[in-house]
Student: 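For reference, the structure I am asking about is given below.
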Amino acid sequence: MSLQLDHRRRAMLAEMGVHLPEAAVTLTEPASGPSSVDARPAVPDILHPSASRVAAVGGAAGSGRPAGASAPPTTPVPRPIAMQPSGHALGPVADLSWSALQQAVAGCEACTLCQQRRHTVFGTGAPELSPGEAPPVDWMIVGEAPGEHEDLQGEPFVGQAGRLLDNMLKAVGLQRHAEQAPGGRVYITNVLKCRPPGNRNPQPDEVARCEPYLRRQVALLRPRIIVAMGRFAVQSLLRDSVADIESQPLGRLRGQIYAYEGVPVVVTYHPAYLLRNLVDKRKAWADLCLALSTASRPQG
Ligand code: SF4
């Protein structure tokens, strides 16, 4: 499978540090790994210039933690729970509508991250076609947690890492706020909806308490592909499908298709990591191509 890149996309890739020959790009076929991709309706050939759907982004071994951040937790993350420490239930998250889910996150006090946040960061992407209903999307990007800029603006992936993500998305025909783009529609969110103080690593209890929101987002959005960016996103999404996930280096998890709630998942590096590790941008591009080829397959 090949992807013809016009000058604009080549320029986007150049900004990522990926310089490709004039020949068509060969897309990576997913390894025959431990994956189970659920059946979906057939999609048009996303590689055709007029295609309405495409897929994007991928990466591996790095998390989005700032340089010098503490090491990730090694203790097993408890299963997702929807209870506050006091035992007060979050409510039936699994049954919430899109608008009710947004309201629940905005008022959530299920973990201590609520105490210092300026904004919750629910997610952003393709606009809702019907007010209060989940937008139709093809791709879902899942990062780790809001940082300082995200906390200020209430939007995921802003700042320098966000600009790199936007360029990565544009390279495969996606735009974060577009109702329609050559590559399809995209939604961007994080595992945690509130910023950990000082951009420290998420704690297992915080991930466990917040994860039901992400699970419900996936259930309502039903994307064709999820791209997990960075170590904590990968650990959260693949906990049910990869044994001893906390001990697995991100680089070893790349190149295969996993599943989360029946949606194919591709693993890739976090853009913040790529800003510090330029040599891995080529791997991120390969992961994008894997996501692209996966989303383009007939699913159904
Ligand atoms: S991080 Fe998640 S669980 Fe914790 S307060 Fe924010 S929305 Fe609630």
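Remember, predicted model here, so these are calculated numbers, not experimental data. Note that ligands are numbered from 1 as they come in the structure, with each ligand's atoms numbered from 1 the same way.
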Student: Give the numbers and elements of all ligand 1 atoms closer than 4.0 Å to a heavy atom of C108.
Tutor: 3 (S), 5 (S), 7 (S), 8 (Fe)
Student: Going by the order shown, which atoms of ligand 1 are within less than 4.0 Å of some heavy atom of C210?
Tutor: 1 (S), 2 (Fe), 3 (S), 7 (S)
Student: So does I245 get a backbone contact from the side chain of Q248, meaning a donor-acceptor N/O pair under 3.5 Å?
Tutor: no
Student: Going by the atom numbers of ligand 1, which of them fall below 4.0 Å from some non-hydrogen atom of R117?
Tutor: 5 (S), 6 (Fe)
Student: Between R209 and D205 (salt bridge meaning N to carboxylate O under 4.0 Å), is one present in this structure?
Tutor: yes
Student: For R118, which residues count as a salt bridge (charged side-chain N to carboxylate O under 4.0 Å, His left out) partner, sequence neighbours excluded?
Tutor: D151
Student: Any N/O/S atom of C114 sitting less than 2.8 Å from atom 8 (Fe) of ligand 1, backbone or side chain?
Tutor: no
Student: Is there a donor-acceptor contact under 3.5 Å from the side chain of D138 to the main chain of R185?
Tutor: yes
Student: Need the ligand 1 atom indices (1-based, order shown) with element for anything under 4.0 Å from a heavy-atom of K193.
Tutor: 7 (S)
Student: With sequence neighbours left out, which residue pairs that include part of residues 159-180 fulfil the ring pair (Phe, Tyr, Trp, His ring centres under 6.0 Å) condition?
Tutor: none
